[in-house]
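Here is the structure we will look at, set down as structure tokens.
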Amino acid sequence: KLLESNNFGGRSADISLLFVGLCRSIGIPARAVFGLRVDSSRLFGSLGVSGNLNEAQHCRAEFYTPGYGWVPVNPSDVRKAIHEERLGNGDPKLSVL
């Protein structure tokens, strides 16, 4: 649905599962990883959590590269940082994510 609407927003699970699906569609093993954020982010005020862990659920993804293993990625955090920190798509600060 995200691809059909050309609206690449949504919650972390939506964006991470889109990434997993795109990887799998071209033969790259990928999986979603669900968990909780447990601390604030030193680099991005919009990421992380402080205080109430009831709203700290988060989903990221991993893809598999032979000879290297599972590589963690966080496509929803990139999207969130661009939006909430008002960064451009090419901002060098995003390379940290």
Side-chain angles (χ1 to χ4, degrees):
K1 190 171 184 176
L2 292 174
L3 292 176
E4 290 174 0
S5 68
N6 205 27
N7 177 13
F8 302 111
R11 313 260 320 151
S12 62
D14 300 323
I15 296 169
S16 293
L17 290 169
L18 174 62
F19 177 86
V20 168
L22 290 171
C23 285
R24 289 178 177 178
S25 75
I26 58 172
I28 298 172
R31 61 188 179 191
V33 179
F34 291 86
L36 294 173
R37 294 183 188 271
V38 294
D39 205 355
S40 60
S41 171
R42 291 176 286 143
L43 300 174
F44 296 92
S46 63
L47 305 179
V49 68
S50 60
N52 184 2
L53 294 181
N54 288 329
E55 297 181 15
Q57 297 138 344
H58 184 63
C59 180
R60 61 179 178 81
E62 295 178 339
F63 65 92
Y64 186 80
T65 302
Y68 188 77
W70 289 99
V71 178
V73 294
N74 210 329
S76 64
D77 274 2
V78 173
R79 179 72 182 117
K80 185 173 184 175
I82 288 170
H83 180 262
E84 294 191 16
E85 308 273 335
R86 295 182 173 85
L87 303 174
N89 288 333
D91 193 301
K93 193 174 178 184
L94 292 173
S95 65
V96 174
L97 289 175

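Numbers here are sequence positions counted from 1. The shown structure was predicted, so the numbers you read here are calculated from the model rather than taken from an experiment. These values consider heavy atoms only, across backbone and side chains, with no hydrogens, waters or symmetry-generated copies.
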For the student: nearest non-hydrogen atoms of L94 and L87, plus distance: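 That closest heavy-atom pairing would be CD2-CD1, 3.8 Å.
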F19 to P75 - nearest heavy-atom pair and separation: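 Residues F19 and P75, closest heavy atoms: CB-CG, 3.9 Å.
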Test item: P29 and W70 side chains (from C-beta on) under 4.5 Å apart, heavy atoms: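 Yes, at least one pair of side-chain atoms sits under 4.5 Å.
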Pairs touching residues 65-74 that satisfy salt bridge (charged side-chain N to carboxylate O under 4.0 Å, His left out), sequence neighbours left out: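 Sorted result for residues 65-74: empty, none.
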Residue pairs involving residues 18-31 (criterion salt bridge (charged side-chain N to carboxylate O under 4.0 Å, His left out); sequence neighbours excluded):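 Residue pairs with at least one partner in residues 18-31: R31-E62.
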I28 with V20, same ILVMFWY side-chain cluster at under 4.5 Å: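 Different hydrophobic clusters.
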Evaluation steps, side chain to side chain contact (heavy atoms under 4.5 Å, CB included), between L22 and L18: CA-CA 6 Å; L22 290 171; L18 174 62; 4.1 Å; yes
Partner residues of T65 under the side chain to side chain contact (heavy atoms under 4.5 Å, CB included) criterion, sequence neighbours left out: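 T65: side chain to side chain contact (heavy atoms under 4.5 Å, CB included) contacts with F63, Y68, V71.
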Test side chain to side chain contact (heavy atoms under 4.5 Å, CB included) applied to H58 and S76, step by step: CA-CA 9 Å; H58 184 63; S76 64; 3.3 Å; yes
